[in-house]
Amino acid sequence: MTDHGPQPVERELPTEEARDLISLVRELIEREIKPRAAEEEAAGRFPRELFTLLSESGLLGLVQPEEFGGGDQPYEVYLQVLEELAAARLTVGLGVSVHTLACHALARYGSKEQRAEHLPAMLGGGLLGAYCLSEPSSGSDAAALTTRATRDGDTWTLEGTKAWITHGGIADFYTVLARTGPERTRGISAFLVPAGTPGLSAAAPEHKMGMAGSPTAQIHLDGVRVPDARRIGEEGQGFAIALSALDAGRLGIAACAVGVAQAALDEALAYTAQRRQFGRPIADFQGLRFMLADMATQIEAGRALYLAAARLRDAGRPFSKQAAMAKLFCTDAAMRITTDAVQLLGGYGYTVDFPVERYMREAKVLQIVEGTNQIQRVVIARALAGPETG
């Protein structure tokens, strides 16, 4: 058998600029991310200095307008950058996706004055963002949130607790969804809250089965006063803003899932090519070859699905159903593929000496964040058959 190993992904990119961007990202990954990924994840260390470098390199604002310091790249390109980053280290890929999610409300719904004041620092000034929608008792039913914002003249006072916040406690700004009226979905507004605002605090990070390097924490808002100039969009528009952000964010999770799956396949290919049993490489055995073929096919299908949804978004067409499909398929596939990678490495796959056990633990969370995969099925079914009548 010819000794085939993992190869770089052959990408369909729309411009020469995009091809140069992917080359830049791959160089940065080899130099700054891969050499320390396993060690830093094991130590639970968040690479804040790396995110500063990503910001300075323009990688935290790829999809935002150039006039505010963004890269004006289509989602088709941005998501492939995310995939590359997540394949190297999910803490980084997911962190970029969450930061983009935190910037989405201001970039799309903020006034020209708000965007001019805040976006340049958020995109290229070394800042890191967090997105605060979920609460201890409000996850899949996001409209049930109870964090409240009460207006007094030109100032709002925020009270409540947000849960499962990626970058909680280390972010420089928080996009916070809070209730400003009694209506279930039309009584929610969005606010941009700087870290360090009196009354804003973070609980201790959650102890998670994976992604130890990415802090996830509750955020407490105890009398946090925010000027009305930091309300994003119209009063009561927050839930629509949140849904718009989630549609885009689900594509980010899909791309990250494909990245993790690709990394697992690459490890499995490298291992099965060099591991010998019965006098030949184990990649010669048909049962294992078929597993590798199935893994690769799922990855290609997932990549095609998220790119098709991204191209709809870039064309200004509806893409909510396709985003849910991409998130559902890609994250379920990542769970299967990382599990198979552990199996292909046998006992070695179950040890921390090889990264596939980490990939398997990390893949699980991707089936949960940005709406569980059960919620994705609800979104898809409603698009197909209409809302439930019961």
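Bear in mind the structure is a predicted one, so any value in this text is a computation, not a measurement.
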Report task. Using atom types as modelled and distance alone, determine if a side-chain donor or acceptor of Arg179 lies under 3.5 Å from a backbone N or O of Ile188. Result -> no
Report task. Using modelled atom types only, decide if a donor and an acceptor are shared between the side chain of Thr297 and the backbone of Ala293 within a distance under 3.5 Å. Result -> yes
Report task. Measure from the side-chain N and O atoms of Lys162 to the backbone N and O of Leu133, and report whether any donor-acceptor pair falls under 3.5 Å. Result -> yes
Query raised in the report: Looking at Asp332 and Lys364, does any basic side-chain N land under 4.0 Å from a carboxylate oxygen?
Result: no
Query raised in the report: What are the two closest non-hydrogen atoms of Arg250 and Gly371, and how far apart are they?
Result: NH2-CA, 4.3 Å
Query raised in the report: Is the closest side-chain donor-acceptor distance between Ser201 and His220 under 3.5 Å?
Result: no
Query raised in the report: Charged N to carboxylate O below 4.0 Å: is that the case for Glu39 and Arg45?
Result: no
Report task. Indicate, with yes or no, if Phe354 and Leu288 share a hydrophobic cluster defined by side-chain heavy-atom contacts under 4.5 Å among Ile, Leu, Val, Met, Phe, Trp and Tyr. Result -> yes
Query - Side-chain touch Thr372/Ser140, heavy atoms, less than 4.5 angstrom - result: yes
Query - Short N-O contact, Arg311 and Glu76, less than 4.0 angstrom - result: yes
Report task. Please tell me if the side chains of Phe191 and Thr175 come closer than 4.5 Å, counting only heavy atoms from C-beta onward. Result -> no
Query raised in the report: Can you check whether Phe173 reaches Leu128 side chain to side chain, under 4.5 Å on heavy atoms?
Result: no
Report summary line: Checking His207, Lys208, Glu206 against Thr216 for side chain to side chain donor-acceptor pair (under 3.5 Å), the one that qualifies is Lys208
Query raised in the report: Given the side-chain rings of Tyr131 and Tyr174, with only the six-membered ring counted for Trp, is the space between their centroids under 6.0 Å?
Result: no
Query raised in the report: With a 4.5 Å heavy-atom cut-off, do Leu158 and Val176 have their side chains touching?
Result: yes
**Report entry** Leu59 side chain reached by Leu62 side chain, heavy atoms, under 4.5 Å
**Finding:** yes
Query raised in the report: Shortest non-hydrogen contact from Pro215 to Phe46?
Result: CD-CD1, 3.7 Å
Query - Pair Arg358 + Glu362, salt bridge at N-O below 4.0 Å - result: yes
Query raised in the report: Side chains of Tyr306 and Gln322: is there a donor and an acceptor less than 3.5 Å apart?
Result: no
Query - Side chains of Ser189 and Thr180, donor plus acceptor under 3.5 Å - result: yes
Query raised in the report: Does Gln114 use its side chain to pair, donor to acceptor, with the backbone of Arg231 at less than 3.5 Å?
Result: yes
Query - Distance-minimising heavy-atom pair for Ala87 and Ala263 - result: O-CB, 3.4 Å
Report task. Just do the side-chain hydrogen bond (donor to acceptor under 3.5 Å, both in side chains) check on Asp266 and Gln262 with the steps written out, would you? Result -> CA-CA 6 Å; Asp266 288 347; Gln262 183 70 58; 3.1 Å; yes
Report task. In sequence, state the C-alpha distance, the side-chain angles, and the governing distance for Arg108 and Ser244, and then conclude on side-chain hydrogen bond (donor to acceptor under 3.5 Å, both in side chains). Result -> CA-CA 9 Å; Arg108 182 164 179 181; Ser244 171; 2.9 Å; yes
Query raised in the report: For the side chain of Gln237 and the backbone of Glu234, is there at least one donor-acceptor N/O pair under 3.5 Å apart?
Result: yes
**Report entry** Under 3.5 Å side-chain donor-acceptor pair for Thr331 and Asn373
**Finding:** yes
Query raised in the report: Is there a donor-acceptor pair under 3.5 Å between the side chain of Gln298 and the backbone N or O of Asp294?
Result: yes
**Report entry** Cluster link Leu269 to Val9, ILVMFWY, side chain under 4.5 Å
**Finding:** no
Query raised in the report: Hey, are Arg89 and Glu41 close enough for a salt bridge, meaning a charged N less than 4.0 Å from a carboxylate O?
Result: yes
**Report entry** Same apolar cluster (I L V M F W Y, side chains within < 4.5 Å links), Ile375/Leu177
**Finding:** no
**Report entry** Side chain to side chain, Cys103 and Gln64, heavy atoms closer than 4.5 Å
**Finding:** yes
Query raised in the report: Short question: side chain of Thr272, backbone of Ala283 - any donor-acceptor pair under 3.5 Å?
Result: no
Query raised in the report: Between Asp222 and Glu159, is any pair of side-chain heavy atoms under 4.5 Å apart?
Result: yes
Query raised in the report: Transitively linked via ILVMFWY side-chain contacts under 4.5 Å: Met211 with Leu85?
Result: yes
Query raised in the report: When you check the side-chain N and O atoms of Thr146 and Glu135, is any donor under 3.5 Å from an acceptor?
Result: yes
Query raised in the report: Asp247 versus Phe319: any side-chain heavy-atom pair under 4.5 Å?
Result: yes
Query raised in the report: Do His99 and Phe51 have their ring centres less than 6.0 Å from each other?
Result: no
